[in-house]
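Here is the structure we will look at.
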Amino acid sequence: MDVEALFAALTRLHPRSLQVLLARFVAQGPSGPGRSPEAFAAFYGVEQPAADVLLWRAASELEASLSGKPPPAPASFPEELAAAQDLARALAAALPASSPRLVTLVDALRSLTTHADAIRDRLSAAERAELESPQYARETWLRRMAIVLVLALSGWFYFKDDLVLRWRQWTTPVTQPSPGR
């Protein structure tokens with residue numbers, strides 16, 4: 001699979017699905033790119049079946065993105081669990097899967113590991129471009145101004161009664177001259 005098509009499909013994914021796929025197949029580990037299924041489950045702090053379902057959901061979204069379709073609707077949990085177990089077995093097996101759908105999906109997922117260095121480089125370049133963009137700087141300054149405004153208003157409402165009391169003490173009331181003087 002071409003790295004251009006993979007990267008374009010990855011950029012169309014939901015951020016959570018992207019993170020799952022990167023953590024499982026692209027992240028640099030001690031033994032090279034990608035994590036083992038056990039290390040992946042430990043990374044997320046879940047049991048192996050839950051990690052398999054998490055991976056299945058992200059992989060099915062990647063498959064839809066590669067084919068230019070919208071993400072699939074969620075299936076019932078028993079169906080997802082069975083599909084996740086099939087995917088886990090297909091990823092662990094050296095021979096191609098029996099299902100044609102799993103063959104293409106496993107090839108796409110394995111090509112993530114094959115092109116892990118290029119994908120990491122492209123993601124780093126995209127992150128640098130985002131951080132250096134004028135739009136990001138403008139958004140950052142707008143957030144800072146909003147925080148200062150919230151702090152100023154909070155301080156005003158917190159000290160308002162004290163400030164009004166002191167203002168009344170510091171100013172002398174204007175009185176009308178009494179009649180007859």
Side-chain angles (χ1 to χ4, degrees), residues 1-137 139-140 143:
M1 179 147 305
D2 182 24
V3 70
E4 293 293 329
L6 273 176
F7 186 74
L10 287 174
T11 59
R12 291 188 297 265
L13 292 180
H14 186 276
R16 185 179 311 140
S17 298
L18 175 65
Q19 181 189 22
V20 166
L21 292 174
L22 293 179
R24 174 67 170 87
F25 297 105
V26 178
Q28 185 65 34
S31 62
R35 289 184 171 91
S36 68
E38 296 79 21
F40 175 70
F43 177 75
Y44 278 102
V46 296
E47 297 293 323
Q48 190 63 48
D52 290 342
V53 170
L54 187 65
L55 181 62
W56 166 254
R57 290 175 181 166
S60 62
E61 190 175 338
L62 175 67
E63 180 184 36
S65 180
L66 283 169
S67 63
K69 298 177 183 174
S76 67
F77 186 72
E79 291 174 10
E80 282 187 335
L81 187 59
Q85 290 170 350
D86 289 342
L87 177 64
R89 281 191 296 271
L91 284 170
L95 298 174
S98 59
S99 167
R101 179 180 181 208
L102 279 179
V103 169
T104 59
L105 187 56
V106 167
D107 287 343
L109 294 175
R110 286 184 178 155
S111 64
L112 285 174
T113 303
T114 304
H115 301 298
D117 293 333
I119 290 172
R120 277 195 305 270
D121 292 342
R122 288 171 192 236
L123 287 172
S124 296
E127 184 178 4
R128 276 192 310 276
E130 170 69 22
L131 292 175
E132 294 170 357
S133 72
Q135 180 182 2
Y136 180 80
E139 288 174 1
T140 302
R143 283 188 193 101

Going by side chain to side chain contact (heavy atoms under 4.5 Å, CB included), name the residues that satisfy it together with T113, two or more places apart in sequence or in a different chain.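 Applying side chain to side chain contact (heavy atoms under 4.5 Å, CB included) to T113 gives F25, P33.
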
F43: partners by side chain to side chain contact (heavy atoms under 4.5 Å, CB included), with sequence neighbours left out: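 Side chain to side chain contact (heavy atoms under 4.5 Å, CB included) check on F43 returns A23, R35.
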
State, yes or no, whether a side-chain contact exists between L109 and L21 at a heavy-atom distance under 4.5 Å.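 L109 reaches L21 side chain to side chain.
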
In chain order, what residues pass the ring pair (Phe, Tyr, Trp, His ring centres under 6.0 Å) check against Y44, with sequence neighbours excluded?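 Listed in chain order: F40.
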
Heavy atoms from other residues, nucleotides or ligands near CZ of R89 exceed 12 (cutoff 6.0 Å):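 Count over threshold, so yes.
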
Nearest 0.5 Å please: distance from the [atom1] atom of [X] over to the [atom2] atom of [Y].
| X | Y | atom1 | atom2 | result |
| --- | --- | --- | --- | --- |
| R12 | L62 | CZ | CG | 9.5 Å |
| L13 | Q19 | CG | CD | 12.5 Å |
| H115 | L10 | NE2 | CG | 11.0 Å |

Would L22 and L112 satisfy side chain to side chain contact (heavy atoms under 4.5 Å, CB included), going step by step from the backbone distance to the final call? CA-CA 8 Å; L22 293 179; L112 285 174; over 6 Å; no

Taking all non-hydrogen atoms of both residues, which atom of [X] and which atom of [Y] are closest, and how far apart?
| X | Y | value |
| --- | --- | --- |
| L102 | A90 | CD1-CB, 4.4 Å |
| L105 | A59 | CD1-O, 3.4 Å |
| A58 | V20 | CB-CG1, 3.8 Å |
| L66 | A108 | CD1-CB, 3.7 Å |

With sequence neighbours excluded, give me every salt bridge (Lys or Arg N to Asp or Glu O under 4.0 Å) pair touching residues 54-71.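 Listed by first then second residue: R57-E80, E63-R101.
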
Table please: side-chain donor-acceptor pairs of residues 46-55 below 3.5 Å, with sequence neighbours left out.
from: Q48; atom 1: NE2; to: D52; atom 2: OD1; distance (Å): 3.0

Is there a donor-acceptor pair under 3.5 Å between the side chain of [X] and the backbone N or O of [Y]?
| X | Y | value |
| --- | --- | --- |
| S60 | W56 | yes |
| S133 | Y136 | yes |
| S65 | A9 | yes |

Can you list everything that forms a side-chain hydrogen bond (donor to acceptor under 3.5 Å, both in side chains) with D117? Sequence neighbours excluded, please.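 Partners of D117 under the side-chain hydrogen bond (donor to acceptor under 3.5 Å, both in side chains) test: R120.
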
